[in-house]
Structure formats: C-alpha cells, structure tokens
A.B. asks: 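One structure, pasted below without further comment.
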Number of protein chains: 2
Amino acid sequence: MSHQKIKIPLVEDYLSVYKCLGELTRLRILNLLKHGPLCVCHVQDVLGEPQPKVSKQLAYLKRHGVIESLRHANWTIYRLSGEPGSILAQNLKCLEDGAFQESVFLEDLERLRQVDTSAACLPGEG
Amino acid sequence: MSHQKIKIPLVEDYLSVYKCLGELTRLRILNLLKHGPLCVCHVQDVLGEPQPKVSKQLAYLKRHGVIESLRHANWTIYRLSGEPGSILAQNLKCLEDGAFQESVFLEDLERLRQVDTSAACLPGEG
DNA sequence: AATAAATATTCACTTGAGGGAATATTCACT
DNA sequence: AGTGAATATTCCCTCAAGTGAATATTTATT
C-alpha cells in the first residue's frame with residue numbers, strides 16, 4: 001500500500017474551490033496531478049517555477065483539502081484527494097474538456113512526459 | 001425584441017471565469033441572473049448589499065463578458081451573456097446542481113421570489 | 001432647466017495574496 | 001552527530017481587489 005489516507009475534509013464550499021482554481025500556478029499543478037501523483041521536485045521542474053512558489057501553492061491546495069501529501073523518503077508526494085463526484089472532481093472534469101486544452105497546460109503535459117519516465121522518487125504504485 | 005445584443009466577447013479563459021466565480025457577491029449575483037434578467041435595484045434588494053458594491057461587481061462581471069447590460073428607462077437590466085456550451089455555462093450548470101444548493105443562494109432565491117412579482121422595472125419579455 | 005430616481009464612478013483606505021530571498025526543517029546516509 | 005538533498009516556512013515587499021463614502025452621470029418628469 002503506497003498512499004496512507006490522512007483524511008482532510010474536502011472543501012464542500014464552492015467559493016473555496018473556485019479560489020483554488022483561480023490562480024494559474026494552482027491550475028497548472030492540478031492539471032499535472034490529474035495524471036497521477038508527483039513529488040515537488042517534478043512539479044517544480046515541469047512548471048519551471050521556483051521551489052518556494054511551488055511549495056506554497058501545494059500547501060495552499062493541501063490546506064483546502066484539494067490535494068493530499070505523502071512523505072516518501074526525502075520526497076513529498078502530492079496527489080488529488082477528491083472523491084469522484086465531489087465539487088472539485090466535477091470541475092476538474094469540466095477543465096479536462098476545456099481549460100486543459102489550452103497551450104500552457106498541453107505544454108506542461110509534454111514536459112511532464114519527459115520527466116516522468118526517469119522518475120526516481122515515485123512511490124511504488126499498485 | 002427586448003434585449004439588443006451588444007456583444008462583448010465571452011471570456012474563453014478559464015482563469016478569468018474562475019476568478020469571476022471566486023467571490024461571494026458575484027456568485028450570488030450569478031445565482032440570481034440564472035433565473036432571468038434583473039435590474040440593479042432588485043439585485044441590491046435581494047442581496048441586501050450597498051448599491052456601489054453591487055454596481056461594481058456587476059461592472060466586473062460585465063467587463064469580463066459574463067453578463068450583458070441593457071438600459072431600460074432609468075434602470076439598467078443585467079442578464080447572463082453566455083452562449084450554451086461556453087465555459088461559463090458549463091460551470092453554471094455545475095453550480096446549479098451543487099453550490100446553488102447552499103443556504104446563502106437558496107435564501108437569495110426566496111427573497112428574489114418576493115421582489116420579482118412586484119417588479120416595475122422589468123423589460124417586456126418575449 | 002430644475003429635480004429626483006437609478007446607476008456608475010471616483011477616492012481613499014485596508015487587507016490579503018503572491019513573489020523572491022533567505023532560512024528552517026526533515027530525512028537518509030555515513 | 002554531521003552532511004547534503006528535498007521540502008517547508010518565514011520575512012519582507014508589492015500589488016490588486018474589495019469596501020464605504022461621496023460624487024458624478026443618466027434619464028424621466030415636471
């Protein structure tokens with residue numbers, strides 16, 4: 001078992017969710033995490049943003065229950081924490097068909113594909 | 001024909017839409033307008049918020065192409081400007097099933113029902 | 001043209017969010 | 001215990017957004 005569930009109540013408050021989604025770095029992070037868990041350094045590499053910036057936005061999302069974290073050796077793995085059907089899940093679905101088609105997000109995914117293969121800090125899944 | 005279409009390009013930028021949705025007054029306004037056009041004074045009455053505050057948020061939403069305005073005598077009528085299928089429309093649909101079930105929004109609708117009947121400044125619809 | 005109602009805008013203020021640089025923390029390894 | 005890598009946090013700064021009070025604008029009415 002790779003991810004122990006440290007349950008933080010999901011925001012069931014739309015306003016919070018929209019605020020989470022209303023910032024580019026956070027949207028980019030969610031776009032990435034939609035494709036699977038990632039450690040901070042990978043997010044950082046893919047986004048090309050400074051470490052504190054990434055770390056802070058991850059903390060923000062975690063604080064609002066949108067993502068969960070798991071310590072794995074020296075790395076912190078983040079992943080989406082939404083149950084299917086949750087507010088966030090609904091919105092991410094909307095995003096999938098729309099926003100995430102925008103070039104910023106596609107480019108991120110392209111870079112993710114390159115980083116992801118040589119992943120050394122990914123937890124054994126399954 | 002009641003609403004002449006003064007076309008302002010709809011925001012096809014998710015970030016902008018989420019920012020529009022990420023503020024309580026604006027969410028409340030959209031919840032109201034989802035049930036039909038309204039003049040400023042009605043919005044104001046229903047929300048119980050000061051006139052400049054309401055007017056500014058309406059201006060914000062209009063500036064971002066989310067709503068349209070129409071002058072009708074002394075009143076300004078606002079209504080949603082989204083085409084079906086637009087980003088906003090999708091999100092409003094999400095909202096309909098979820099956020100707008102929260103008490104704030106339900107209470108607003110209750111107050112809207114009372115105000116709406118005695119409407120003197122509504123444009124002749126249909 | 002003067003007035004009043006409805007709405008928009010300006011101004012001044014405050015607050016919170018985001019950013020970078022630096023520092024602290026946590027963990028593995030020796 | 002000491003070191004280095006990965007991550008988190010703090011400090012400080014700046015800027016944008018929201019707010020209320022006051023004022024301007026628009027329109028109908030007289």
Side-chain angles (χ1 to χ4, degrees), chain A residues 4 6 8 15-30 32-33 37-64 66-79 115 118-123, chain B residues 4 6 8 15-30 32-33 37-64 66-79 115 118-123:
Chain A
Q4 41 183 328
I6 306 161
I8 292 183
L15 208 45
S16 299
V17 171
Y18 286 133
K19 283 178 181 171
C20 284
L21 297 176
E23 205 267 346
L24 183 57
T25 306
R26 291 198 288 270
L27 261 191
R28 291 175 73 193
I29 291 175
L30 292 174
L32 296 184
L33 293 186
L38 280 177
C39 69
V40 181
C41 59
H42 282 170
V43 175
Q44 191 178 328
D45 287 348
V46 171
L47 299 191
E49 298 284 355
Q51 183 265 324
K53 180 173 179 177
V54 170
S55 192
K56 274 182 216 166
Q57 297 303 345
L58 285 168
Y60 182 108
L61 291 171
K62 181 181 176 183
R63 197 184 322 132
H64 290 81
V66 165
I67 61 179
E68 298 171 340
S69 72
L70 167 72
R71 196 90 198 202
H72 177 72
N74 238 342
W75 301 280
T76 307
I77 315 293
Y78 283 94
R79 65 162 187 177
V115 165
S118 60
C121 61
L122 288 180
Chain B
Q4 42 183 328
I6 306 160
I8 292 183
L15 209 44
S16 299
V17 171
Y18 286 132
K19 284 179 181 168
C20 284
L21 298 175
E23 205 267 347
L24 183 57
T25 306
R26 290 198 289 268
L27 261 191
R28 291 176 74 195
I29 290 176
L30 290 175
L32 296 185
L33 293 188
L38 280 177
C39 69
V40 181
C41 60
H42 282 167
V43 175
Q44 192 179 329
D45 287 349
V46 171
L47 300 190
E49 299 284 356
Q51 183 265 324
K53 181 174 177 176
V54 170
S55 192
K56 276 180 213 169
Q57 296 303 345
L58 285 168
Y60 182 108
L61 291 171
K62 181 181 176 184
R63 198 183 322 132
H64 289 82
V66 166
I67 62 179
E68 297 170 343
S69 73
L70 167 73
R71 197 90 198 205
H72 177 72
N74 237 343
W75 302 279
T76 306
I77 315 292
Y78 283 94
R79 65 161 186 178
V115 165
S118 60
C121 60
L122 288 180

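All of these numbers come straight from a predicted model, not from anything done at the bench. Each chain gets a letter, A, B and so on, in the order the sequences are listed, and its residues count up from 1.
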A.B. asks: Atom CG of Leu27(B) and atom CG of Leu32(B): how far apart are they, to the nearest 0.5 Å?
C.D. replies: 11.0 Å
A.B. asks: Can you name the closest pair of heavy atoms from His64(A) and Cys20(A) and give their distance?
C.D. replies: CB-SG, 3.7 Å
A.B. asks: Name the nucleic acid region contacted by Thr76(B), choosing base, sugar-phosphate or nothing; use a 4.0 angstrom heavy-atom cut-off, strictly under.
C.D. replies: sugar-phosphate
A.B. asks: Could you check how far CH2 of Trp75(B) sits from C1' of dA28(D), rounded to whole Å?
C.D. replies: 9 Å
A.B. asks: Side chains of Arg79(A) and Leu33(A): does their closest heavy-atom pair fall under 4.5 Å?
C.D. replies: no
A.B. asks: In this structure, how many angstroms lie between the C1' atom of dT27(D) and the CG atom of Leu70(B), rounded?
C.D. replies: 14 Å
A.B. asks: Nearest 0.5 Å, what's the NZ-OG distance between Lys62(A) and Ser55(A)?
C.D. replies: 10.0 Å
A.B. asks: Please list, chain by chain and in numerical order, all residues satisfying side-chain contact (heavy atoms from CB on, under 4.5 Å) with Thr25(B), sequence neighbours excluded.
C.D. replies: Glu23(B), Ile29(B), Leu47(B), Lys53(B), Gln57(B)
A.B. asks: State, yes or no, whether a side-chain contact exists between Leu21(B) and Val17(A) at a heavy-atom distance under 4.5 Å.
C.D. replies: no
A.B. asks: If a protein heavy atom is under 4.0 Å from the base, mark B; if only from the sugar-phosphate, S; if neither, -; do that for nucleotides 13-22 of chain D going 5' to 3'.
C.D. replies: -----SBBBB
A.B. asks: How far apart are the closest heavy atoms of Tyr18(A) and Gly22(B), and which atoms are they?
C.D. replies: CB-CA, 3.9 Å
A.B. asks: To the nearest 0.5 Å, what is the distance between CG on Leu15(A) and CG on Leu24(B)?
C.D. replies: 5.5 Å
A.B. asks: Which dot-bracket string describes DNA chain C (Watson-Crick N1-N3 plus N6-O4 or O6-N4, or G-U N1-O2 and O6-N3, all under 3.5 Å; [ ] crossing; | other strand)?
C.D. replies: ||||||||||||||||||||||||||||||
A.B. asks: What heavy-atom pair brings Ile77(B) and Cys39(B) nearest, and what distance separates the two atoms?
C.D. replies: CD1-CB, 3.8 Å
A.B. asks: Just how far, in rounded Å, is P of dG20(C) from CG of Leu47(A)?
C.D. replies: 13 Å
A.B. asks: Grab the CG-C1' distance between Leu58(B) and dA8(C) for me, whole Å please.
C.D. replies: 11 Å
A.B. asks: Got a list of protein N/O to nucleotides 26-30 of chain C N/O distances below 3.5 Å?
C.D. replies:
residue	atom	partner	partner atom	Å
dC27(C)	O2	Asn74(A)	OD1	3.4

A.B. asks: Run the salt bridge (charged side-chain N to carboxylate O under 4.0 Å, His left out) test against Arg28(A) and tell me which residues pass, sequence neighbours left out.
C.D. replies: Glu49(A), Asp108(A)
A.B. asks: Round to the nearest Å and state the distance from Leu61(A) atom CG to dT7(D) atom P.
C.D. replies: 16 Å
A.B. asks: So which atom in Cys41(A) and which in Trp75(A) form the shortest heavy-atom distance, rounded to 0.1 Å?
C.D. replies: SG-CD1, 4.2 Å
